[in-house]
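What follows is a short report on a single structure.
Side chains are part of it too, since the values below use all heavy atoms of this structure and drop only hydrogens, waters and symmetry mates. Just so you know, these numbers come straight off a predicted model, no measurement behind them.
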Amino acid sequence: MAQKKANPAKKPAAPAKAAPEKPVPQQETPAPKAEPVLKEEPAVQEPAAPKAAAKKKAPAQKAAPAPKEEAPKKKAAPKAKAQVAPEAAAAPEEKPAARKKAAPKKKAPAKKAAAPAQTPALEAPKPVEEVPAPAEETKPVAETAPVVQAQEPAPAPQEPEQPKEEETMSYAYDTPRRSVAFIGSECHPFVKTGGLGDVMYALPRQLVAQNCDVRVILPRYACIPQQYQDKMVYRGEFYMDLGFTGRDYYVGIMEYVWDGVVYDFIDNQEFFSSGNPYLNLVDDIPKYCFFSKAALAALNYMNWIPDVIHCHDWQAALVPVYLKTMFQDSPVGRAKTVLTIHNLRFQGIYNIPTIQYWTGLPDEVFSMGALKQGYEDANMLKGGLAYADRITTVSHTYAQEIQTPEYGEKLEDHLRYHNYKLRGIVNGIDYGMWNPATDPALAVNYDITNVLDHKWQNKMALQSELGLVQDGGKFVIGLISRLTNQKGLDLVNAIVPQIMDGNTQVVVLGTGDKIYEDTFRYYENAYKGMFSACIQYDEGRAHRIYAGADALLVPSRFEPCGLTQLNAMHYGTLPIVRETGGLKDTVEPYNTFNGEGNGFTFDRYDAGLLLDAINRAKTEYFLNRYHWDEVVQRDMAKDVSWENSARQYKDLYLELTPWG
């Protein structure tokens, strides 16, 4: 729709070039008085007002007062309606676009005539609401039509970038509204153990901006901070049978509304009273069998029937199975389902009798094509994949990798069978949480315009905080990760002595396997002042490492998406990654010949190749600093926000629900 509405502005482009020829003599003479028109831009709110002021160049000196401009506002508004409508939704974010459009200067007169026309486009939403004007008001506009046609297309020379900006911003509001229920086991800031918590927090908020009605359904764990518990509102309660247990279980619903997203917490102290969301399979299997069924029952109870139910990982994988069997004839049974795989390694596998006891699902569900795995096990994630209407993963490359024996975790055949409904959508990061210009955790805030001036100050502050040698010339490598084999730490362990050359410092932040925790503590002692091992997870320190490090290491064995490399790029820290999963989708290898790329990569899982990638990065840093700085700014300019990802999810929802 954005492109269709942009076309009318392009048609009069031809007269726009010819039009400035007439007023050229008039514009050059009162040049000093054309400037006040620019100064009055902030006060102008209607598109037609500046045009009317620009038309009468000679009388413009007398007609400058605001009262005379306000009179023709409503008359000219109908004329501008076609241009204003597509920008109504995009108004808040069009200021950067306006600056970009003002950059190309063709003729001085054209610039002065066009400048007033930009500001009304930014503040257009108000006239749109006033526009039910009668057709009679168009007559005064028609009287000045000969001049208006000469001036109205004035923005046309600046129009080439307009369709892109409108298409990006207004798309969200031009698509039909959809209601979506998110069901998952964690969500920032209530409870978070990994990337799933970030997705459950950021994606619903962005979908609200994409014209979606969103609810997030979570367990009410006892570990949720009290500040959020106190703000929850009682929504209702009911009792629900569960499997073959022979008893009914209490289901309470506590509600919390935040930034347009409704969070509904399923309350049951019998299942959610522990201080940790994940304990062991013996406890977790009954817990999430209950949670998946209770979430669907709660939607029926609240009489809020979504168009799409979006489930996440194995903890919510039984939702599509319940929906197509036990809830098929209930109101919520008409909803479509999407199941997102965040990490295929965790699948919820247990013996069939136990899962059948807690779910009460019919025997046909425990067939080889659905939940059954091997001879006697049931796989909750496998069942969800079979019954879901669409399957998504968190990157394009990972969607292909999980169909191979190397990455398929024994589900590659099952995924290849269902590959017609499988696709990858890369995650984004929340700019409200990760923004070096406003981040309160940093020593010095910065953005793309002054990163080269201030990033080194954050490096010095980080060195001071961690007890490292303070030297802005050192090459600082950060590593923020869970300390497990999946993250490629065996490769890092093998090459640390070769990295530590006197000009390089390494900072490690994270917890995990004891073998790696002890190894990094040893290196901290062996390379005092050059190696720092922070065996903990400190959110504020993570932000400071992103800002103070020169490069970030992500040598994962496999990585469904990865958020650390996105955070690093947004903070001007270059990623050094292995080409797998989301790392391959988001990091383009730096090319020393043409300067393209935004990081340093290696392909095979090999310590020597990791060392080579680090050495290539150090070579650019020490010998070609100008090129290094170019890549830093390129990374900060790259759009890694959730907006594009949310748009792809919205398209997926519309594909599943073509009605309306």
Checklist outcome for this item: The residue among Leu609, Thr619, Val492, Leu553 that forms side chain to side chain contact (heavy atoms under 4.5 Å, CB included) with Ile614 is Leu553
Next on the checklist: Between Thr573 and Asp550 (side chain of the first, backbone of the second, donor and acceptor by atom type, cut-off under 3.5 Å), is there such a pair?
Outcome noted: no
Next on the checklist: Under a 3.5 Å cutoff, is there a donor and acceptor pairing between the side chains of Asn493 and Thr519?
Outcome noted: no
Next on the checklist: As a test of understanding, state which of Asn567, Asp538, Asp439 forms a side-chain hydrogen bond (donor to acceptor under 3.5 Å, both in side chains) with His543.
Outcome noted: Asp439
Checklist entry - Does any N or O in the side chain of Arg178 come within less than 3.5 Å of the main-chain N or O of Val308, such that one atom is a donor and the other an acceptor? => result no
Item to check | Whether Phe558 and Tyr398 hold their rings parallel, tilted or perpendicular, with breakpoints at 30° and 60° | outcome: parallel
Next on the checklist: Under 6.0 Å between ring centres: does that hold for His454 and Tyr446?
Outcome noted: no
Checklist entry - Any donor-acceptor pair under 3.5 Å linking the side chain of Asp284 with the backbone of Leu279? => result yes
Item to check | Flag, side chain of Asn435 to backbone of Gly432, donor-acceptor distance under 3.5 Å | outcome: no
Checklist entry - Can a salt bridge be assigned to the pair Glu655 and Arg390 using a cut-off of 4.0 Å between side-chain N and carboxylate O? => result yes
Checklist entry - How about Asp490 and Tyr516: does a side-chain donor come under 3.5 Å of a side-chain acceptor? => result no
Item to check | Backbone N/O of Asp635 and side chain of Asn598: donor-acceptor pair under 3.5 Å | outcome: no
Checklist entry - Hey, is the main chain of Gly194 close enough, under 3.5 Å, to the side chain of Glu186 for a donor-acceptor pair? => result yes
Item to check | Arg578 side chain to Arg557 backbone, donor-acceptor under 3.5 Å | outcome: yes
Checklist entry - When you look at Gln210 and Thr175, which way does the side chain to side chain contact (heavy atoms under 4.5 Å, CB included) test go after all the steps? => result CA-CA 8 Å; Gln210 299 279 345; Thr175 55; 5.6 Å; no
Next on the checklist: What I'd like to find out is whether the side chain of Met380 reaches to under 4.5 Å of the side chain of Ile349, using heavy atoms alone.
Outcome noted: no
Checklist entry - Should we say atom CG of Leu452 is surrounded by more than 12 heavy atoms from elsewhere, each under 6.0 Å from it? => result yes
Checklist entry - Is it true that Asp389 and Lys421 make a salt bridge, defined as a side-chain N closer than 4.0 Å to a carboxylate O? => result no
Item to check | Leu442 side chain near Tyr571 side chain, heavy-atom distance below 4.5 Å | outcome: yes
Checklist entry - Given the side-chain rings of Trp434 and Tyr546, with only the six-membered ring counted for Trp, is the space between their centroids under 6.0 Å? => result yes
Item to check | Note, Leu583 side chain near Thr601 side chain (heavy atom, < 4.5 Å) | outcome: no
Item to check | Approximate separation, where rounding is to 0.5 Å, of Ile499 CD1 and Asn615 CG | outcome: 8.5 Å
Checklist entry - Under 30°, 30 to 60°, or over 60°: which ring-plane class applies to Tyr420 and His418, parallel, tilted or perpendicular? => result tilted
Item to check | Contact summary for Pro555 and Tyr605, nearest pair of heavy atoms | outcome: O-CE1, 3.7 Å
Checklist entry - For Arg616, which residues count as a salt bridge (charged side-chain N to carboxylate O under 4.0 Å, His left out) partner, sequence neighbours excluded? => result Asp612
Checklist entry - Using 4.0 Å as the upper bound for N to carboxylate O, is an ion pair formed by Lys192 and Asp198? => result yes
Next on the checklist: Counting only heavy atoms not in Tyr537 (residues, nucleotides, ligands), do more than 12 fall under 6.0 Å from its OH?
Outcome noted: yes
Checklist entry - Is Arg647 paired with Glu643 through a side-chain N to carboxylate O contact shorter than 4.0 Å? => result yes
Next on the checklist: Less than 4.5 Å apart, side chain to side chain, heavy atoms only: is that true for Asn458 and Leu462?
Outcome noted: no
Next on the checklist: So does Thr504 get a backbone contact from the side chain of Lys618, meaning a donor-acceptor N/O pair under 3.5 Å?
Outcome noted: no
Next on the checklist: Tell me if the aromatic rings of Tyr288 and Trp314 count as close, with their centers under 6.0 Å from one another.
Outcome noted: yes
Item to check | Verdict with supporting geometry, His312 and Gln315, side chain to side chain contact (heavy atoms under 4.5 Å, CB included) | outcome: CA-CA 7 Å; His312 297 264; Gln315 294 90 346; over 6 Å; no
Checklist entry - So how far is it from Tyr522 OH to Asp518 CG, rounded to the nearest 0.5 Å? => result 13.0 Å
Checklist entry - What orientation do Phe531 and Phe520 show, parallel under 30°, tilted 30 to 60°, or perpendicular over 60°? => result parallel
Checklist entry - Is there a side-chain contact between Met636 and Met569, using heavy atoms and a 4.5 Å cut-off? => result no
Next on the checklist: Does any part of the side chain of Asp313, heavy atoms only, come nearer than 4.5 Å to the side chain of Phe346, both counted from C-beta?
Outcome noted: no
Checklist entry - For the rings on His570 and Tyr431, is their centre-to-centre separation under 6.0 Å? => result yes
Item to check | Student check: side-chain heavy atoms of Leu218 and Ser185 closer than 4.5 Å | outcome: no
Checklist entry - Has Tyr417 got more than 12 heavy atoms of other residues, nucleotides or ligands less than 6.0 Å from its OH? => result no
Item to check | Cys534 and Leu466: CA distance, side-chain angles, deciding distance, side chain to side chain contact (heavy atoms under 4.5 Å, CB included) verdict | outcome: CA-CA 9 Å; Cys534 307; Leu466 300 178; 3.7 Å; yes
Item to check | Distance-only polar pair, side chains of Gln505 and Gln463, donor-acceptor under 3.5 Å | outcome: yes
Checklist entry - Hey, what do you get for CD1 (Ile429) to CD (Gln565), rounding to the nearest 0.5 Å? => result 9.5 Å
Donor-acceptor pairs under 3.5 angstrom involving side-chain atoms of residues 467-484: please list them, not counting sequence neighbours.
from	atom 1	to	atom 2	distance (Å)
Gln470	NE2	Met460	O	3.1
Asp471	OD1	Gly473	N	2.8
Lys474	NZ	Gly502	O	2.6

Next on the checklist: When you measure from the side chain of Asn379 to the backbone of Lys382, do you find a donor-acceptor pair of N or O atoms at a distance under 3.5 Å?
Outcome noted: yes
Item to check | Glu559/Lys487 salt bridge by N-O under 4.0 Å criterion | outcome: yes
Next on the checklist: So Leu652 and Arg423, do their side chains get closer than 4.5 Å, heavy atoms only?
Outcome noted: yes
Checklist entry - Just how far is it from atom CG of Leu203 to atom CG of Asn427, taken to the nearest 0.5 Å? => result 8.0 Å
Checklist entry - Passes side-chain hydrogen bond (donor to acceptor under 3.5 Å, both in side chains), Tyr653 versus His310? Steps please. => result CA-CA 9 Å; Tyr653 302 153; His310 194 156; 2.7 Å; yes
Item to check | Electrostatic pair Glu465:Arg541 at N-O distance under 4.0 angstrom | outcome: yes
Item to check | Leu563 side, atom CG; Asp430 side, atom CG - distance, nearest 0.5 Å | outcome: 11.0 Å
Checklist entry - Step by step, would you call Val338 with Leu656 a side chain to side chain contact (heavy atoms under 4.5 Å, CB included)? => result CA-CA 9 Å; Val338 176; Leu656 284 171; 3.5 Å; yes
Item to check | N/O donor-acceptor pair under 3.5 Å between Glu401 side chain and Glu406 backbone | outcome: no
Item to check | Atom pair CD/CG of Glu579 and Asp603 - distance to nearest 0.5 Å | outcome: 5.5 Å
Next on the checklist: As a quick check of understanding, evaluate ring-ring contact (aromatic ring centres under 6.0 Å, His included) for His627 and Tyr590, giving each step before the final call.
Outcome noted: CA-CA 10 Å; His627 297 294; Tyr590 178 72; 7.3 Å; no
